[in-house]
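Shown next, in structure tokens, is the structure this report addresses.
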Amino acid sequence: MKFYIITLGCKVNTYESEVIKEKLLNRHFSLAINEEESDIVIINTCSVTNMADNKSKKMVRRAKRMNKIVVVCGCSSENIEKDYKEIGIDVLIGNNEKSKIDVLIENYLETKRSYEKFYHTRELAFEDMEVSKFTSLTRAFVKIQDGCNNFCSYCIIPYVRGNVRNKDFFKAIKEVETLVYNGHKEIVLTGIHTGSYYDHGKDLADLIHEISKIKDLKRIRISSIEVTELSDKMLLEIEENEKIVNHFHVPLQAGSDEILKSMNRKYDLSYFEEKLRHLRQIKKDVSITTDVIVGFPGETEALFLKTIETVKKFAFSKIHVFPYSIRTGTLASRMPNQVLDSEKHKRSQLLNQVSLELEQQFLETFLNQELEVLIEQVFEHYSLGTTSNYIKVRLNKKMNKNEFVKVKIISCQEAYLIGEELIYIS
């Protein structure tokens, strides 16, 4: 039978979907090239915003209309379980038992009985998963952590992902070794709260230090890290470890101390600014990207303008802008002074424009420079790759996928650079 996986949301979901795919292939299912040609559709859902929930349910209903065997998992089904139960799904779970989906599907095919399972607790053990090769990506993700204990006032994720828990330190190293052995040259360490990683007395800096010893691993990337986790130890590892890439995604979420406090974030602007200063001091040409929520309850026009002032001052290379989305059950959903949707939309547009300007300014600093690029996509007449600082580079010729090449940057076009090949590195 053929299966097709629809993955919504974050890098953790991407990793988990890859695990599901590998397990099903090992059980002699085959991967369909699209939803229409499949017998089984698996939707790994997202619930970070109302829009994500709506998109997840839309995908599920579409698969049902196509008379597919439908398997649903992830944050949206965990968050609004009742909505999904009303749809009538063949295999329905939340964020747990994703590693058993291959078995659950086989059981369903044998018995034709639907399966539903939700744990309704935050106290969960880390669900061991591993993948040996990412078939669709040049870089490989490794999920080292799950859950969150921060309880930011706007966020549903601690409720749907549970408590902080971590992959065994030695199993994480072994998984990276396997992925590198199978050809991956860049590894992305990911989790719901990746920077909180801690196991066997070892933290994220220790894990990075250990996997950097793997001979053929060229780049180590952290999917996202909170500014409070850029400790002196972590910053020293970043400074001394040449395999750590030159890009860090550090969520800001708001550009005023008033809103940061209301969000229950664990820092103020002066703390954030000092960490950025230190990071830029130890990493030349570092790219620092961020997340910002606009239209949070109580965000006045003046506070929004303060956010614009802040992101310009902090000189982010890109901003992921999110209009505040009410998540039922969170503290922020009950706050007064909710901002009108029309105002959120206007502020999002303005901040997105600022992001484009900052990105363009950052890209233009690399004109006439020589950069190392990992080739990730190859087409008939051009290739696309990524630099250490997560810049997309286009070369107008067919290159070798999954190889590093030194290029000279000759121009800048929208969100990427144009380069000329100088020499293959590896």
Heavy-atom count around [X] [atom1] within 6.0 Å, excluding the residue itself: above 12?
X	atom1	result
Glu420	CD	no
Lys312	NZ	no
Lys133	NZ	yes
Lys171	NZ	no
Lys408	NZ	no
Glu242	CD	no
His381	NE2	no
Lys243	NZ	yes

With a 4.5 Å heavy-atom cut-off, do [X] and [Y] have their side chains touching?
X	Y	answer
Met51	Ser325	no
Glu299	Tyr324	no
Ile259	Lys306	no
Glu237	Lys233	no
Asn149	Pro158	no
Asn264	Leu331	no
Ile391	Ser287	no
Ile93	Ile101	yes

[X] versus [Y], closest heavy-atom pair with distance:
X	Y	result
Lys57	Tyr84	CG-OH, 3.3 Å
Ala332	Gln338	O-NE2, 3.0 Å
Lys143	Val12	CD-CG1, 3.9 Å

| Evaluation steps, side-chain hydrogen bond (donor to acceptor under 3.5 Å, both in side chains), between Asp53 and Ser76 | CA-CA 6 Å; Asp53 275 329; Ser76 185; 2.6 Å; yes
| request: Apply salt bridge (charged side-chain N to carboxylate O under 4.0 Å, His left out) to the pair Lys85 and Glu81, showing each step before the final yes or no. | output: CA-CA 6 Å; Lys85 285 184 174 181; Glu81 173 187 335; 2.7 Å; yes
| Ser355: side chain to side chain contact (heavy atoms under 4.5 Å, CB included) partners, not counting sequence neighbours | Lys318, Ile319
Determine, for [Y] and [X], whether the Lys NZ or Arg CZ falls below 6.0 Å from the six-membered ring centre while staying within 45 degrees of the axis.
X	Y	result
Lys266	Tyr271	no
Arg394	Tyr382	yes
Lys117	Tyr119	yes

Whether the side chain of [X] engages the backbone of [Y] through a donor-acceptor N/O pair (distance < 3.5 Å, no angle test) should be reported.
X	Y	value
Thr7	Ser17	no
Asp146	Phe126	no
Arg165	Glu123	no
Gln145	Ile192	yes
Asn150	Cys152	no
Asn50	Ile326	yes
Asn79	Cys75	no

| Qualifying residue, where the test is side chain to side chain contact (heavy atoms under 4.5 Å, CB included) with Ile42 and the options are Val70, Val71, Ile6 | Val71
| request: Please determine which of Lys11, Lys23, Lys98 meets the salt bridge (charged side-chain N to carboxylate O under 4.0 Å, His left out) test together with Glu16. | output: Lys98
| said: Applying ring-ring contact (aromatic ring centres under 6.0 Å, His included), can you list everything that pairs with Phe141, at least two apart in sequence or on another chain? | reply: Phe134
| task | Quick one: do Thr365 and Gln361 satisfy side-chain contact (heavy atoms from CB on, under 4.5 Å)? Show the steps, please. | result | CA-CA 7 Å; Thr365 64; Gln361 290 168 19; over 6 Å; no
| Residue pairs involving residues 173-221 (criterion ring pair (Phe, Tyr, Trp, His ring centres under 6.0 Å); sequence neighbours excluded) | Phe170-His200
| Could you give all pairs that pass the ring pair (Phe, Tyr, Trp, His ring centres under 6.0 Å) test and reach residues 326-372, with sequence neighbours left out? | Phe362-Phe366
| query | Does Glu376 have any salt bridge (charged side-chain N to carboxylate O under 4.0 Å, His left out) partners at least two apart in sequence or in another chain, and if so, which? | reply | Arg139, Lys392
| query | Residues in salt bridge (charged side-chain N to carboxylate O under 4.0 Å, His left out) with Lys284, at least two apart? | reply | none
